[in-house]
Amino acid sequence: MLKHLLLAFALASNGFISGIAQAAELDLSQHKGKVVYVDLWASWCPPCRASFPWMEQLHQDLKDEGLVILAVNTGDEPADAERFLAMTNPSFEIITDPDGDIAANLNAMGMPFSVLYDREGNLVSSHVGFSNKDAPELRRVIESLLAEKI
Amino acid sequence: MRAVISITLALLLSGCSNLGVKPWERGTLAQEEMALDSSPMQTAFDDHIYFSKEASSGGRGFAGGGCGCN
């Protein structure tokens, strides 16, 4: 009885029974040696939309210093996302995550959700939401990471 | 039989593990027509009248909701 119970519990806790798929992971290996700013966004989220001009400016200013911005479109209708991207025309990389696998893997607590990695690929910080008030401090942190050479 | 009971119990244990809408799943909830308040202006007027009559305010709704931002 106990053996059966333990086996069933182990299966359930591993996600076999609840049907949870293996979460997708971001491939950061191609950006080795760079500071990577990952931003989870959706076109239905007003603060996400508000962050795009700031990210565009950040990318234009700091891409040559070694900053990579990966904007992960998650939980969005593809047509809505494309319409928004056609309007904003960002120069940074856009990744699609329709099922929210990357968001689940990063344990996003809200939208937008951003994660910052240093040049060695270490997770430095994560941030929920976007406001113009916090943006200068975030930029300062990114610039200080860019100043670190490996 | 025991195995069936064990698996059923284990299923029940994990039954509440996936409740709730994740932040990235709130696209539909974030639509304007899903707002609990269909007329924010009217609600603001009602709040003002309530405050002037009762000398207290608040308690009508809750902060946040929608896309879960901030």
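As the structure is a prediction and not an experimental result, all values here were calculated from the model. Labels below follow one simple rule: chain letters A, B, ... track the order of the sequence lines, proteins then strands, and each chain is numbered from 1.
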Query raised in the report: Between atom CG of A:D101 and atom CH2 of B:W24, what is the distance when rounded to the nearest 0.5 Å?
Result: 9.5 Å
Query raised in the report: What distance separates B:K22 NZ from A:T74 OG1, expressed to the nearest 0.5 Å?
Result: 12.5 Å
Query - Contacting region of A:N107 [heavy-atom separation from chain B under 4.5 Å] - result: neither
Query - Contacting region of A:A42 [heavy-atom separation from chain B under 4.5 Å] - result: neither
Report task. Compare all side-chain heavy atoms of B:Q31 with those of A:W44 and state whether any distance is below 4.5 angstrom. Result -> no
Query raised in the report: Do other residues, nucleotides or ligands put more than 12 heavy atoms under 6.0 Å from the NZ atom of A:K32?
Result: no
Test of understanding: clusters of I, L, V, M, F, W, Y form through side-chain heavy atoms closer than 4.5 Å, transitively. Do [X] and [Y] belong to the same one?
X	Y	value
B:M41	B:I49	no
A:M87	A:F130	yes
B:I7	B:L12	no
B:Y50	B:F45	no

Query raised in the report: Using non-hydrogen atoms and a limit below 4.5 Å, what part of residues 135-147 of chain A faces chain B?
Result: none
**Report entry** Where A:A108 and B:P23 come nearest, the two heavy atoms and their spacing
**Finding:** O-CG, 3.6 Å
